[in-house]
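Heads up, the thing below is written out as structure tokens.
Worth knowing before you read on, the calculation uses all heavy atoms, side chains too, and leaves out hydrogens, waters and symmetry mates. One-based numbering, in listed order, for ligands and for the atoms of each.
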Amino acid sequence: MTARILDGVAIATEIRAEIAKEVSTLIAGGHRPPGLAVVIVGEDPASQVYVKSKGQACIEAGMHSETVRLPADSSEAQLLAVVDRLNADPVIDGFLVQLPLPKHIDSEKVLNRISPAKDVDGFHPVNVGKVLVGDPTAFKPATPYGCQQMLVRSGIETKGAHAVIVGRSNIVGKPMASLLIQDSRGGNATVTVCHSRSRDLPSLTRQGDILVVAIGRPNFITAPMVKPGAVVIDVGINRVIDPAHSKGYRIVGDVEFGAVSEVASAITPVPGGVGKMTIAMLLSNTLQAAKTGMSVGR
Ligand code: GUN
């Protein structure tokens, strides 16, 4: 079997076009453009790339974009002051603080300071809880939300399927489980969450009709770990050294793509899979924040 490729670029482009259309309708109706701010502390190269892409995507969707750059040695108090300012800024509907933060800053304290109404990353405990209880006003974290949209928009049935998630991070694994167990479209799955302490991981991953992998280790999932006919969603973005590439590295996922493609029925490539969806869903959350703000007169 050679797996169908789930094209994240195409699906993300479709979603971004839908968002841009809604944004232009809002603006034509006299509303200001939805505004997204991104805060970055330090010079982490991968974070710089993500933050630039988020800003560009925002502009392309017709939204207002702001990037706040702080030096790596900024204090926690300085970052919290930026968060407070953005919480109060009337032209910013949503914002996020790019992770990881420098070690001397308490990430949890910073995330908890973001107003839940502007928390378009969905990392504030209020939104984490809302996602878990299925509250429709929740901001769903962009990466797992993007994975779910890929399944839904590719016509892959989650209802009754056994979804096995590899990785228990707060950004992907845990919220992915929350979304897939809901009694709603793209949910109703039976969910297993595996992690670094799980015993006999291959016996668990082989049970997955849907296998979502977010472990952050290049080519970690091999063909014998995958159930024949499974749908494989690879969230990994890993740099591996490759002197043959002009940059000296190339990007690979957490799944051994070539061999697993021969076993799975559908698979997301890396790059060109989940990565593109994350930004599309961030824009979707920003639009949701703007519309909610309008409805409460913000
Ligand atoms: N770092 C990696 N992924 C993310 C994300 O989705 N949001 C933020 N804020 N930081 C990240």
Spacing of Ile221 atom CD1 and Leu201 atom CG [to the nearest 0.5 Å]
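Ile221 CD1 to Leu201 CG: 6.0 Å, rounded to 0.5 Å.
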(message) Heavy atoms only, cut-off 4.0 Å: how does Leu96 contact ligand 1, side chain, backbone, both, or neither?
(response)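 Near ligand 1, Leu96 shows its side chain, while the N, CA, C and O stay back.
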Leu282 and ligand 1 - part of the residue with a heavy-atom distance under 4.0 Å: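 It is neither; nothing of Leu282 touches ligand 1.
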| Is a side-chain donor or acceptor of Thr268 paired with a backbone partner of Asp234 at a separation under 3.5 angstrom? |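 Yes: the side chain of Thr268 pairs with the backbone of Asp234.
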[X] N/O under 3.5 Å from ligand 1 N/O:
| X | answer |
| --- | --- |
| Ile171 | no |
| Val97 | yes |
| Asp121 | yes |

Discussion item. Return the closest protein heavy atom for atom 11 (C) of ligand 1 as residue, atom name and distance.
Written reply: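 So the nearest neighbour among protein heavy atoms is Gln98 NE2, 3.4 Å.
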Quiz item: Who's the nearest protein heavy-atom neighbour of atom 10 (N) of ligand 1, and how far?
Solution: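 Result for atom 10 (N) of ligand 1: Leu99 N, 3.0 Å.
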### Query
Would Phe123 count as a contact of ligand 1 if the rule is a heavy atom under 4.0 Å away?
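Flag set, Phe123 near ligand 1.
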Quick one: do Val164 and Lys227 satisfy side chain to side chain contact (heavy atoms under 4.5 Å, CB included)? Show the steps, please. CA-CA 11 Å; Val164 175; Lys227 179 178 184 173; over 6 Å; no
query: Is Asp93 salt-bridged to Arg32, going by a charged N under 4.0 Å from an acidic O?
result: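 Yes.
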If we count only N and O atoms by modelled type, under 3.5 Å, do the side chains of Lys140 and Gln148 hold a donor and an acceptor together?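 Short answer, no.
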Item checked: Option among Thr192, Ile210, Val235, Leu180 that satisfies the side-chain contact (heavy atoms from CB on, under 4.5 Å) test with Ile165 ->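 Option passing the side-chain contact (heavy atoms from CB on, under 4.5 Å) with Ile165: Leu180.
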